[in-house]
Q: 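Let me give you the structure first, and then I'll get to my questions.
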Protein chains: 2
Amino acid sequence: MADVARLAGVSHQTVSRVVNGHPNVREETVLRVRRAIEELGYHRNSTARALVTRRTNVLGVIAFDTTLFGPAQTLSGIERAAREAGYFLSMVSLDDVSPDGIVAAAEYLVQQSVEGCVAIAPQRSLVDALAALPGPHPLVAVEGGEGSGLPVVCVDQVQGAHDAVRHLLELGHTTVHHIEGDPLWLESEARVVGWRRALEEAGAPAPEPLQGDWSPRSGYALGRSLVARRAEGERVTAIFVGNDQMAIGVLRALHEAGLRVPGDVSVVGFDDVPEAEFLTPSLTTVFQDFAQVGKESLALLLGEIGTERNGSPGPSATERRVVPARLRVRGSSGPPPP
Amino acid sequence: MADVARLAGVSHQTVSRVVNGHPNVREETVLRVRRAIEELGYHRNSTARALVTRRTNVLGVIAFDTTLFGPAQTLSGIERAAREAGYFLSMVSLDDVSPDGIVAAAEYLVQQSVEGCVAIAPQRSLVDALAALPGPHPLVAVEGGEGSGLPVVCVDQVQGAHDAVRHLLELGHTTVHHIEGDPLWLESEARVVGWRRALEEAGAPAPEPLQGDWSPRSGYALGRSLVARRAEGERVTAIFVGNDQMAIGVLRALHEAGLRVPGDVSVVGFDDVPEAEFLTPSLTTVFQDFAQVGKESLALLLGEIGTERNGSPGPSATERRVVPARLRVRGSSGPPPP
DNA sequence: AGCAACAGTGTTAACGCTCACATGGAGGAA
DNA sequence: TTCCTCCATGTGAGCGTTAACACTGTTGCT
């Protein structure tokens with residue numbers, strides 16, 4: 001910067017003003033400085049800038065398994081929104097779900113002086129661990145449940161599940177079995193709630209849900225166990241599955257047992273992965289607007305940062321933004337066999 | 001830091017030494033300082049540290065569509081390796097494939113003073129744009145093709161495709177049709193090369209490959225067009241599809257046409273997504289060790305950073321590391337109909 | 001004319017840390 | 001003893017930037 005100033009025949013402060021687009025600089029001076037910057041290939045040192053402004057312009061993201069469809073989509077949405085807002089993103093993804101891990105991750109981000117953090121924390125234990133932590137701050141939880149004391153953005157899992165199950169009941173099924181995802185996940189919990197509520201509203205009995213782990217493998221295994229129960233005489237005509245990947249496993253299990261979908265059994269998934277439409281049969285499922293979730297969570301975080309900077313007293317109102325889910329009816333759901 | 005020093009009754013420099021684990025500090029002093037740090041909740045300011053050491057400890061990642069299976073997995077591998085090496089990760093993902101976009105992304109990372117960068121750059125134009133850029137440096141390209149002048153880590157796409165096609169030929173198919181991914185992608189190109197080579201080696205004719213875009217939708221559309229050609233009398237008994245998602249679309253198209261897999265037509269995919277095993281029929285595909293790719297690319301990058309720091313003369317040898325692909329034979333491939 | 005307001009620029013002091021060097025004392029070899 | 005070495009610690013400078021303020025000259029108002 002000193003070199004640029006010398007070449008342009010001005011003070012370093014004027015260079016700073018030009019770089020930061022301050023208004024009160026003569027046009028001609030601006031040009032001269034710009035030329036000098038160009039010539040020397042100068043670009044400002046963000047570190048020094050951060051040191052003096054006390055703003056790093058970096059936001060942290062704590063994610064858990066970004067190879068899953070939902071988190072990957074959400075991350076992508078967050079990334080885009082962050083970039084548009086002029087923030088950099090520092091990411092740390094958790095290997096396991098131990099509170100230790102999330103504490104270490106938070107430590108790591110605090111150490112990097114992030115200005116705020118979005119945590120894709122789909123499990124209650126993680127959310128609680130985060131809420132108990134001193135830093136980083138501000139912090140927004142994606143898919144964090146209620147009552148954590150953290151601001152939260154989430155898809156309306158309950159409504160999505162409710163819609164899916166009501167759809168099946170309206171087709172004439174007397175009840176709907178449920179294969180849930182990893183029971184430690186909040187999403188899984190919420191979908192169970194929605195499923196149960198829809199059954200209750202219809203006065204239908206609620207069979208015990210089966211617990212999976214989101215993987216196609218677990219869907220397959222649990223699908224087989226439902227097939228076995230059907231063979232023993234239990235009436236299983238509709239299955240609401242916690243996500244599309246498990247639903248794929250379920251379809252497989254049904255197919256192997258010679259059962260037809262939706263002729264004998266209807267299947268509804270959750271997520272609306274791109275391939276859902278092209279499975280055989282195409283999968284009825286629930287669409288979640290993850291991009292929107294990412295966008296909203298960043299907006300919320302930026303809001304928090306803003307109010308903090310204006311010196312808000314104590315912890316801010318823990319806002320909760322809910323993004324609606326949307327049922328996508330396709331070929332895997334139909335009326336029950338007579 | 002000054003506060004800590006005062007509380008511990010030492011100089012700021014001694015605090016610095018304790019924080020950085022320097023050897024020559026008396027044990028008792030270390031304890032005293034540690035206690036003071038604890039008490040004040042101090043943690044060092046990474047910005048100030050970076051300013052003076054000229055090391056940000058941040059690596060950049062340029063990715064393109066991290067919602068796709070491969071990039072997401074690779075990113076995850078890179079993330080883990082970076083954290084183990086004590087580096088932070090700053091991510092920018094590209095919306096479109098324009099060279100402008102990648103230039104902006106690079107600019108963005110340079111501006112943040114990353115120490116090095118991994119680019120998941122699956123298209124030739126992107127690799128070329130990157131290679132032409134002044135910064136960031138050092139730079140490692142994942143899946144970047146040959147001849148770009150950049151160090152590259154990639155899966156052996158040619159070998160993977162070759163294995164898949166040879167597998168089909170050995171089952172007795174007289175030729176293998178190919179639905180390729182987005183033709184702009186280097187992976188797509190390489191798989192075409194492997195496919196063609198295997199056909200040539202077997203003296204089999206090579207029908208013109210069909211160009212998709214990796215999506216299930218395109219797989220479905222192209223699958224239908226192959227079905228149509230079959231109806232016109234062309235012998236289509238085996239299809240090697242550029243990725244598993246498109247293969248799902250192809251399976252759908254075949255199923256709709258009443259064709260059986262593998263009875264009438266064999267299908268082989270690429271990627272080995274988790275659900276491949278649980279499709280109906282389970283999908284024969286090619287496994288890519290993305291985690292390994294991520295790990296290797298980071299190792300390569302750290303190597304570059306190391307040699308640069310030791311003042312290597314000019315650009316380093318552009319190393320190229322190739323991770324083998326592995327065929328996973330499952331239910332969707334079998335001998336051709338008589 | 002006299003004064004205020006303001007545009008355009010420069011000067012100085014931080015920001016919080018590490019590096020290079022200085023200091024002082026303990027221990028060992030000549 | 002004397003000198004040299006090594007450990008433990010302190011001192012001062014400087015990393016590259018921006019904030020705050022000071023300074024000049026011009027404009028506009030009374």
Side-chain angles (χ1 to χ4, degrees), chain A residues 1-37 39-58 86 88 109-115 135-136 309-311, chain B residues 1-37 39-58 86 88 109-115 135 309 311:
Chain A
M1 187 177 234
D3 295 344
V4 172
R6 208 170 306 124
L7 182 58
V10 296
S11 74
H12 61 120
Q13 177 63 338
T14 298
V15 176
S16 171
R17 281 193 262 257
V18 170
V19 169
N20 292 312
H22 271 255
N24 293 343
V25 184
R26 221 183 340 149
E27 185 121 358
E28 189 222 310
T29 314
V30 173
L31 256 52
R32 210 146 30 100
V33 171
R34 287 252 170 77
R35 212 159 30 227
I37 287 175
E39 191 166 331
L40 295 171
Y42 163 84
H43 74 98
R44 93 174 147 209
N45 181 318
S46 62
T47 309
R49 177 169 217 259
L51 181 60
V52 66
T53 58
R54 288 130 174 287
R55 294 198 41 192
T56 54
N57 247 266
V58 176
F88 300 105
L109 290 175
V110 167
Q111 199 206 109
Q112 210 196 354
S113 324
V114 295
E115 284 182 42
R309 204 162 278 147
N310 297 343
Chain B
M1 186 176 233
D3 295 345
V4 172
R6 208 170 305 122
L7 183 59
V10 295
S11 74
H12 62 121
Q13 176 62 350
T14 298
V15 176
S16 169
R17 279 193 264 257
V18 169
V19 169
N20 292 310
H22 270 255
N24 294 343
V25 186
R26 219 178 350 144
E27 184 120 358
E28 189 222 310
T29 314
V30 173
L31 255 53
R32 210 145 30 100
V33 171
R34 287 251 169 79
R35 213 157 33 228
I37 287 175
E39 190 165 331
L40 295 173
Y42 163 84
H43 73 96
R44 91 174 149 210
N45 181 317
S46 61
T47 309
R49 178 169 217 262
L51 181 59
V52 65
T53 58
R54 288 128 177 290
R55 295 198 40 192
T56 54
N57 247 266
V58 175
F88 300 105
L109 290 175
V110 167
Q111 199 207 110
Q112 209 195 355
S113 323
V114 296
E115 286 182 42
R309 205 161 278 146

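Note that the structure is predicted; figures quoted are calculated from it, not measured. Sequence lines set the chain letters: A, B, ... in the order given, protein chains first and strands last, and positions in each chain run from 1.
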Q: Starting from the 5' end of DNA chain C, give me the residue, A:Arg17 or A:Leu51, whose nearest nucleotide shows up first.
A: A:Arg17
Q: Any salt bridge linking B:Glu39 with B:Arg35? Criterion: basic side-chain nitrogen under 4.0 Å from a carboxylate oxygen.
A: no
Q: For the side chain of A:Asn24, counting heavy atoms from C-beta on, which of C:dG10, D:dC15, C:dG8 is nearest?
A: C:dG8
Q: What is the distance from CZ of B:Arg49 to C1' of D:dT17, rounded to the nearest Å?
A: 20 Å
Q: Nearest to the A:Thr53 side chain among D:dT18, D:dG16, D:dT9, which nucleotide is it?
A: D:dT18
Q: CD of B:Gln13 versus P of C:dC17: gap in Å, rounded?
A: 12 Å
Q: Using modelled atom types and a 3.5 Å cut-off, is there a donor and acceptor pairing between side-chain atoms of B:Thr56 and backbone atoms of B:Ser113?
A: yes
Q: Have a look at A:Thr29 and say if it touches a base, only the backbone sugar-phosphate, or nothing, with a 4.0 Å heavy-atom cut-off.
A: sugar-phosphate
Q: Would you mind reporting whether A:Val58 and B:Gln112 have side-chain heavy atoms less than 4.5 Å apart?
A: yes
Q: Check the distance between D:dG14's P and A:Asn45's CG and give it to me in whole angstrom.
A: 18 Å
Q: D:dT18 phosphate, OP1 or OP2: any side-chain N/O from A:Asn20 under 4.0 angstrom?
A: yes
Q: With a 6.0 Å cut-off (strictly less than), is the heavy-atom count around CZ of B:Arg44, excluding the residue itself, greater than 12?
A: yes
Q: Out of D:dT11, D:dA8, D:dT17, which has the shortest distance to the side chain of B:His12?
A: D:dT11
Q: I need the CZ-P distance between B:Arg44 and D:dC15, as an integer number of Å.
A: 21 Å
Q: What's A:Ser11 touching, base or sugar-phosphate or nothing? Going by heavy atoms closer than 4.0 Å.
A: base
Q: Think B:Arg26 has a side-chain N or O under 4.0 angstrom from the OP1 or OP2 of D:dA8?
A: no
Q: Measure OH/A:Tyr42 against C1'/D:dG16 and give the value in whole Å, please.
A: 8 Å
